[in-house]
There are 2 protein chains.
Amino acid sequence: MRHVAALAGVGVKTVSRVINGEPNVSPATTAKVLAAARSLDYEPDLHAGNLRRSDGRSRTLGLLVGSVDNPFAGAVHRAVEDVALGRGVAVFASSLDDDPAREQAAVSAFLRRRVDGLILTTVSESQSYLAPELRRGTPVVFVDREPAGVTSDTVVSDNRDGAAMATRHLLERGHRRFAYFGDRSTIRTAQERRRGFLDELGSAGVATRDIPVVEDLHDEAAAQRAAIELFTRPDPPTAIFSSQNLVTIGVIRALRELGRHRDTALVGFDDVPLADLLEPGITVVAQNPQEIGRIAAERVFARLDGDDSPAGRSVVRTRLIARGSGEITPRHEG
Amino acid sequence: MRHVAALAGVGVKTVSRVINGEPNVSPATTAKVLAAARSLDYEPDLHAGNLRRSDGRSRTLGLLVGSVDNPFAGAVHRAVEDVALGRGVAVFASSLDDDPAREQAAVSAFLRRRVDGLILTTVSESQSYLAPELRRGTPVVFVDREPAGVTSDTVVSDNRDGAAMATRHLLERGHRRFAYFGDRSTIRTAQERRRGFLDELGSAGVATRDIPVVEDLHDEAAAQRAAIELFTRPDPPTAIFSSQNLVTIGVIRALRELGRHRDTALVGFDDVPLADLLEPGITVVAQNPQEIGRIAAERVFARLDGDDSPAGRSVVRTRLIARGSGEITPRHEG
DNA sequence: GTGAAAGCGCTAACAT
DNA sequence: ATGTTAGCGCTTTCAC
């Protein structure tokens with residue numbers, strides 16, 4: 001900046017004024033400064049400015065998702081980016097991998113870089129470590145999973161209702177023998193989905209005591225193995241509810257392998273790519289990651305704009321998409 | 001930091017030493033400083049340090065991909081993150097959307113934030129605007145698409161060879177009536193794939209003059225429409241090569257709709273999620289986005305570590321995955 | 001309409 | 001083993 005000022009024959013403050021579009025600079029001076037900046041390939045240093053700037057904003061956001069390599073996270077990320085772009089804010093994205101250590105490391109990395117706000121998917125038992133930062137006024141929005149130990153804005157899917165809706169869908173087709181496949185039972189979201197499933201069966205008068213509830217399946221292969229194992233036992237279920245993306249895919253692979261995909265009903269929570277092109281198409285309770293990301297980003301910016309209303313909880317509705325697998329009726333036993 | 005120093009009863013420089021793990025601090029002092037930092041919830045300001053730090057590194061990378069909401073980009077991003085994480089480097093990710101204005105805006109946003117390196121997928125006609133930055137020594141690695149107007153490290157798939165391999169695969173099954181569906185013809189990568197396809201047909205003695213080459217299909221719907229249109233004309237092809245992810249999916253939808261998916265061969269460039277679960281499974285020339293991302297990130301860090309060898313071009317091999325659709329033999333005409 | 005001086009939080013260089 | 005001073009590139013404040 002000093003070089004630009006020297007080349008343009010003005011003071012540094014004048015350069016600063018031109019760069020930031022502040023008033024009280026004559027057009028002639030402006031032109032000189034711009035020309036000098038161009039010829040020196042000058043790019044202002046945003047961080048240096050921040051150090052002294054009154055609002056202290058880095059125009060930067062930290063986003064922590066399950067994994068950036070994952071359709072749900074990608075959609076959330078994209079929605080956040082779209083909102084941030086309009087504000088001239090850049091987004092740091094990191095992957096959680098359901099690892100509490102990574103959660104803390106990522107948050108710390110964001111904070112050291114003085115992000116203006118945080119959008120977080122969490123996995124550790126408590127987010128109370130964020131309390132000082134919240135007190136300092138940094139906006140934090142939790143997405144997909146609710147926080148514990150602190151209160152802050154949260155955006156989640158209606159996990160329980162969505163799971164209940166899926167279950168009702170299967171009950172209405174006459175199923176009475178169910179199985180549940182879910183991911184890590186420590187994850188709140190997973191608990192909610194299981195609860196929605198079991199409660200709905202309970203209300204329908206189905207004895208939930210004997211229903212196989214297989215949990216802690218965190219990848220396709222584990223889900224596939226678990227499903228195959230279940231189907232080699234007597235009286236396999238006629239209907240399956242799978243509580244997550246990868247689990248659903250693992251179950252599909254298992255049913256194919258067993259030749260059971262046309263006579264076993266399946267509804268998955270969370271949409272699966274190309275689910276409509278499979279045979280049968282996969283019926284799912286689809287989340288709305290775009291909406292989750294958009295709302296989360298808008299909450300952050302509202303807070304930055306001074307909104308100091310109490311922390312809120314936004315619930316983004318899920319939607320049942322019937323494609324075939326959920327409409328299979330119970331087979332008659334041999 | 002001043003507050004921490006005051007609370008610990010030491011000078012700021014000692015705090016700096018402790019925070020950065022520099023030597024020559026007594027254990028007792030270290031403990032005092034750490035305690036003070038903890039009690040004040042102190043997080044060092046990385047940017048402020050950078051301003052003065054001799055290496056001037058922000059420990060930050062800028063990554064520009066097609067769209068963060070896209071499986072290929074997600075895999076690249078994840079690989080870059082994994083390499084960067086080991087170095088304590090955070091990643092800014094942005095979406096290009098094949099929009100030249102976005103490309104420039106994203107690069108400028110990265111530069112203003114003083115990223116240590118750039119990993120870019122580009123779409124504008126020339127990247128000569130990066131020349132000053134390259135001269136300044138900022139490492140830039142181009143991924144997926146080669147740059148124009150500047151020379152710098154590049155990591156790409158073997159587009160031409162991959163396309164040729166796909167074509168050979170179809171030729172070997174006896175096909176002689178082909179069609180090509182591709183995305184924007186202005187994209188170098190797309191040109192290479194088309195070229196690989198046509199050259200291979202030429203070498204096999206197939207007249208390429210009459211082959212339908214449908215291009216500029218940038219989404220599923222456009223590809224689907226184009227394929228349906230082609231199949232309503234006389235003498236439809238018996239084999240299709242589609243040059244991109246979304247185009248492949250559009251073509252699959254079209255073939256389904258036409259009831260042609262079991263008698264028309266299809267090989268797509270770039271893998272498709274769940275392609276193995278479709279019927280028939282989709283044969284593809286799979287890229288290796290993880291490898292592309294990993295190599296790109298390693299190139300950046302090698303440059304930062306002082307590697308000043310001439311700009312290199314890494315070619316990541318594609319792999320043909322036969323799943324059914326590419327093994328369909330030509331139907332006999334009625 | 002413009003510039004000079006001070007200072008943001010930190011680290012380099014040189015004390016001590 | 002620790003402290004002091006200067007200065008990174010910018011914006012603030014205030015003077016002209």
Side-chain angles (χ1 to χ4, degrees), chain A residues 1-34 36-37 40-60 88 108-116 133 136 138, chain B residues 1-37 40-60 88 108-109 111-116 133 136 138:
Chain A
M1 178 149 143
R2 283 211 322 268
H3 301 136
V4 176
L7 188 72
V10 300
V12 281
K13 178 60 226 185
T14 302
V15 176
S16 169
R17 276 193 260 261
V18 171
I19 297 298
N20 298 314
E22 288 170 32
N24 293 331
V25 187
S26 74
T29 315
T30 304
K32 266 195 308 188
V33 171
L34 254 24
L40 292 174
D41 297 308
Y42 170 75
E43 281 273 5
D45 185 327
L46 213 58
H47 302 309
N50 271 28
L51 219 46
R52 198 70 176 75
R53 207 194 310 282
S54 52
D55 66 4
R57 300 279 167 80
S58 61
R59 301 196 143 286
T60 277
S108 176
F110 290 152
L111 259 23
R112 266 198 296 278
R113 289 177 175 81
R114 296 295 185 265
V115 297
D116 297 336
E133 199 59 33
R136 205 167 297 173
T138 306
Chain B
M1 176 148 143
R2 284 211 321 268
H3 301 135
V4 175
L7 187 72
V10 301
V12 282
K13 180 61 224 188
T14 301
V15 177
S16 169
R17 276 194 260 262
V18 171
I19 297 298
N20 298 315
E22 288 171 33
N24 293 330
V25 187
S26 74
T29 316
T30 304
K32 267 194 308 187
V33 170
L34 254 25
L40 292 174
D41 298 309
Y42 170 75
E43 282 275 4
D45 185 327
L46 211 60
H47 301 309
N50 272 21
L51 221 44
R52 198 67 174 75
R53 206 191 311 282
S54 54
D55 66 4
R57 299 279 166 82
S58 60
R59 303 197 143 283
T60 276
S108 176
L111 259 22
R112 265 197 298 277
R113 289 175 176 82
R114 295 295 185 266
V115 296
D116 296 336
E133 199 58 33
R136 204 167 300 174
T138 306

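We use all heavy atoms of the structure for the numbers below, so side chains are in, but hydrogens, waters and symmetry mates are not. Quick note on labels: first sequence line is chain A, next is B, and so on, each numbered from 1.
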What pairs of donor and acceptor atoms, side-chain ones from residues 16-36 of chain B against any protein atom, are under 3.5 angstrom apart with sequence neighbours left out?
| residue | atom | partner | partner atom | Å |
| --- | --- | --- | --- | --- |
| B/N20 | ND2 | B/S16 | O | 3.0 |
| B/S26 | OG | B/T29 | N | 3.2 |
| B/S26 | OG | B/T29 | OG1 | 2.6 |
| B/T30 | OG1 | B/S26 | O | 2.9 |

Counting primed atoms plus P, OP1 and OP2 as sugar-phosphate and everything else as base, spell out the protein contacts along nucleotides 5-13 of chain C at 4.0 Å heavy-atom distance: B, S or - for each nucleotide, 5' to 3'. -BBBBSBBB
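For the atom pair CG of A/N50 and CG of B/L51, the computed distance is 10.5 Å after rounding to the nearest 0.5 Å.
Looking at B/R53 and B/L46, their side chains come closer than 4.5 Å, going by heavy atoms from C-beta outward. The shortest side-chain heavy-atom distance between A/R113 and B/R59 falls under the 4.5 Å cut-off. At a threshold of 4.5 Å between non-hydrogen side-chain atoms, the residues A/R114 and A/T60 do not count as touching. In this structure, the side chains of A/P44 and A/M1 stay at 4.5 Å or more apart for every pair of heavy atoms.
Residue A/R136 places its CZ atom among more than 12 non-hydrogen atoms of other residues, nucleotides or ligands, all under 6.0 Å distant.
Mapping heavy-atom proximity under 4.0 Å, the span of DNA chain D touched by chain B runs 5' to 3' from D/dA1 to D/dG9.
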